[in-house]
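Scroll down for the structure; my scribbles are underneath it.
Residues: numbered from 1 along the sequence shown. Below, all heavy atoms of this structure are taken into account, side chains as well, without hydrogens, waters or symmetry copies. One-based numbering, in listed order, for ligands and for the atoms of each.
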Amino acid sequence: MKSDPTQSLKHIAIIMDGNGRWARKRGLPRIKGHNAAEKSIHDAVEVCGQIGVEYLTLYAFSTENWSRPKTEVSFIMKLLSRFIKGNIEELDRKNVKIRTTGRLLDLPDGPRNDLEAAIKQTASNTGLHLILALSYGGKAELLDAFVQIASSVSDGHLTPGDITEEMISSNLYNPDVPDPELVIRTSGEQRLSNFLIWQSAYSELVFTPVLWPDFHAEQLNEAIAEFRSRKRRFGGLE
Ligand code: IPE
Ligand code: IPE
Ligand code: MG
């Protein structure tokens with residue numbers, strides 16, 4: 001496998017899937033799978049820090065995940081608070097800047113306040129941007145961007161002909177974040193499930209059958225090696 005170590009890799013985005021199946025395989029309730037996800041998150045942060053990746057986006061809860069049973073949703077929301085409170089000091093020490101993407105206003109007050117405190121505490125950190133995608137949907141993000149642009153048109157600041165791709169990008173939730181060069185999905189599913197659909201238009205996709213709680217530093221390094229072996233052409237010729 002020929003590899004190009006100079007291939008730019010600033011942003012890795014991960015669809016952390018397979019927690020429920022991981023638990024079921026062990027005869028455990030699904031929520032135990034969500035609990036077991038924490039170590040994989042630590043490893044991903046660690047590996048990104050080691051190799052100088054600047055942005056790591058983790059798909060933690062989609063706009064569609066609200067349709068799950070209430071008990072599971074409420075467990076995940078409590079787990080989110082627990083994760084933030086239990087890891088904030090270490091992440092801060094590691095110079096990680098915590099950010100989010102998604103419709104945060106949908107979250108219950110508890111986890112939203114914990115997140116906001118973590119964002120504030122780490123705001124001046126200069127290391128890895130750890131972006132948690134929460135109540136995130138790519139279609140919702142685009143819809144929100146289009147509504148903003150449409151209102152500029154309706155108040156006369158823009159005409160439809162002024163709208164550019166760059167303008168759409170700059171109306172997304174985190175306009176400063178570069179598109180991910182690499183999107184990884186664990187658990188064997190081969191779809192985006194509404195994740196970063198605009199931003200991943202030219203991302204390299206790596207699908208692995210490994211379930212998220214089993215996806216550790218070794219597996220992430222393998223996915224990165226796979227990325228480095230790809231030839232990125234962007235429609236041109238080599
Ligand atoms: C991913 O694991 C976590 C969330 C979507 C919140 P799942 O809960 O989707 O696990 P599977 O896909 O059912 O195994
Ligand atoms: C995608 O996983 C969302 C997250 C990992 C947060 P899902 O398990 O919700 O996706 P589907 O239902 O398999 O498409
Ligand atoms: Mg799933």
Side-chain angles (χ1 to χ4, degrees), residues 11-45 48 55-84 86-87 98-108 110-112 114-115 129-143 172-174 177 180 182-200 203-216 219-220 223:
H11 184 181
I12 297 179
I14 308 183
I15 303 172
M16 311 186 286
D17 197 15
N19 297 348
R21 278 165 281 170
W22 183 92
R24 200 175 59 213
K25 264 177 48 183
R26 287 163 178 75
L28 299 168
R30 290 178 53 83
I31 55 170
K32 294 286 179 193
H34 299 311
N35 271 334
E38 189 167 335
K39 164 86 169 78
S40 304
I41 297 176
H42 276 281
D43 280 19
V45 168
C48 288
Y55 303 87
L56 171 65
T57 300
L58 298 176
Y59 203 9
F61 197 84
S62 73
T63 46
E64 288 73 25
N65 289 147
W66 293 110
S67 70
R68 293 192 179 193
K70 245 179 144 170
T71 48
E72 177 161 343
V73 170
S74 108
F75 181 84
I76 292 172
M77 292 300 143
K78 287 201 189 91
L79 186 64
L80 175 60
S81 278
R82 196 144 45 97
F83 173 81
I84 300 288
N87 290 282
I98 296 175
R99 302 178 60 175
T100 56
T101 185
R103 288 184 169 168
L104 276 227
L105 289 175
D106 294 347
L107 299 184
R112 201 181 60 248
D114 295 331
L115 265 170
H129 293 232
L130 174 60
I131 305 168
L132 302 175
L134 291 160
S135 194
Y136 176 83
K139 287 191 177 181
E141 180 177 32
L142 282 171
L143 172 62
L172 298 178
Y173 295 143
N174 291 318
V177 177
L182 170 60
V183 174
I184 300 169
R185 183 171 188 147
T186 59
S187 92
E189 308 300 349
Q190 302 197 358
R191 55 175 169 263
L192 288 174
S193 299
N194 205 8
F195 187 47
L196 301 180
I197 51 178
W198 175 272
Q199 299 90 328
S200 66
S203 302
E204 296 300 323
L205 308 179
V206 171
F207 298 108
T208 164
V210 176
L211 303 173
W212 177 250
D214 292 327
F215 191 87
H216 295 299
Q219 289 75 20
L220 179 52

Applying side chain to side chain contact (heavy atoms under 4.5 Å, CB included), run through M16 and S40 and close with a yes or a no.
-> CA-CA 9 Å; M16 311 186 286; S40 304; over 6 Å; no
Main-chain N/O of [Y] paired with [X] side-chain donor or acceptor, under 3.5 Å:
| X | Y | answer |
| --- | --- | --- |
| R99 | H129 | no |
| Q219 | H216 | yes |
| Y59 | S193 | yes |

Does ligand 1 have a heavy atom under 4.0 Å from the side chain of [X], from its backbone, from both, or from neither?
| X | result |
| --- | --- |
| E64 | neither |
| L211 | neither |
| E189 | neither |

Is there any N or O on [X] that sits under 3.5 Å from an N or O of ligand 2?
| X | value |
| --- | --- |
| S62 | no |
| R185 | yes |
| R191 | yes |

W66 side chain to S135 side chain, donor-acceptor N/O pair below 3.5 angstrom |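 Note: W66 and S135 side chains meet the donor-acceptor criterion.
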Do S62 and N65 have side-chain N/O donor and acceptor atoms under 3.5 Å apart?
->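 Present: a donor and an acceptor within the cut-off.
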Minimum-distance N/O/S atom that D17 presents toward the Mg ion (ligand 3) | OD1
Between the CD1 atom in I76 and the CG atom in L107, the distance rounded to the nearest 0.5 Å is 11.5 Å
Distance col, row L79:CG vs I31:CD1, nearest 0.5 angstrom, shows 9.5 Å
State, yes or no, whether a side-chain contact exists between [X] and [Y] at a heavy-atom distance under 4.5 Å.
| X | Y | value |
| --- | --- | --- |
| E141 | W198 | no |
| V177 | T101 | no |
| L115 | F83 | no |

At what distance is the nearest protein heavy atom to [atom], and which residue and atom is it?
| atom | answer |
| --- | --- |
| atom 13 (O) of ligand 1 | R30 NH1, 3.0 Å |
| atom 7 (P) of ligand 2 | R68 NH2, 3.8 Å |
| atom 5 (C) of ligand 2 | M16 O, 3.5 Å |
| atom 14 (O) of ligand 2 | S193 OG, 2.6 Å |
| atom 2 (O) of ligand 1 | N19 N, 3.2 Å |

Closest heavy-atom pair and its distance - I41, W212 | N-CZ2, 3.8 Å
Protein heavy atoms: any of them under 4.0 Å from atom 10 (O) of ligand 2?
->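 Given the 4.0 Å limit, the answer for atom 10 (O) of ligand 2 is yes, a protein heavy atom qualifies.
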Under 3.5 Å: N/O of W22 near N/O of ligand 1 | no
So if I count the atoms of ligand 1 from 1 in the order they appear, which ones are less than 4.0 Å from some heavy atom of [X]?
| X | value |
| --- | --- |
| R21 | 11 (P), 12 (O), 14 (O) |
| H34 | 3 (C), 8 (O) |
| A60 | 6 (C) |
| D17 | 1 (C), 2 (O), 7 (P), 9 (O), 10 (O), 11 (P), 12 (O) |

Contacting atoms of ligand 2, where contact means under 4.0 angstrom from a heavy atom of F61 = 6 (C)
Against heavy atoms of N65, which atoms of ligand 2 measure under 4.0 Å?
-> 3 (C), 6 (C), 9 (O)
Has S187 got any heavy atom lying under 4.0 angstrom from an atom of ligand 1?
->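 For ligand 1, residue contact (heavy atoms, under 4.0 Å) with S187 is absent.
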Step by step, would you call Q199 with T57 a side chain to side chain contact (heavy atoms under 4.5 Å, CB included)?
-> CA-CA 12 Å; Q199 299 90 328; T57 300; over 6 Å; no
Does ligand 2 have a heavy atom under 4.0 Å from the side chain of F195, from its backbone, from both, or from neither?
->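 None of F195 does.
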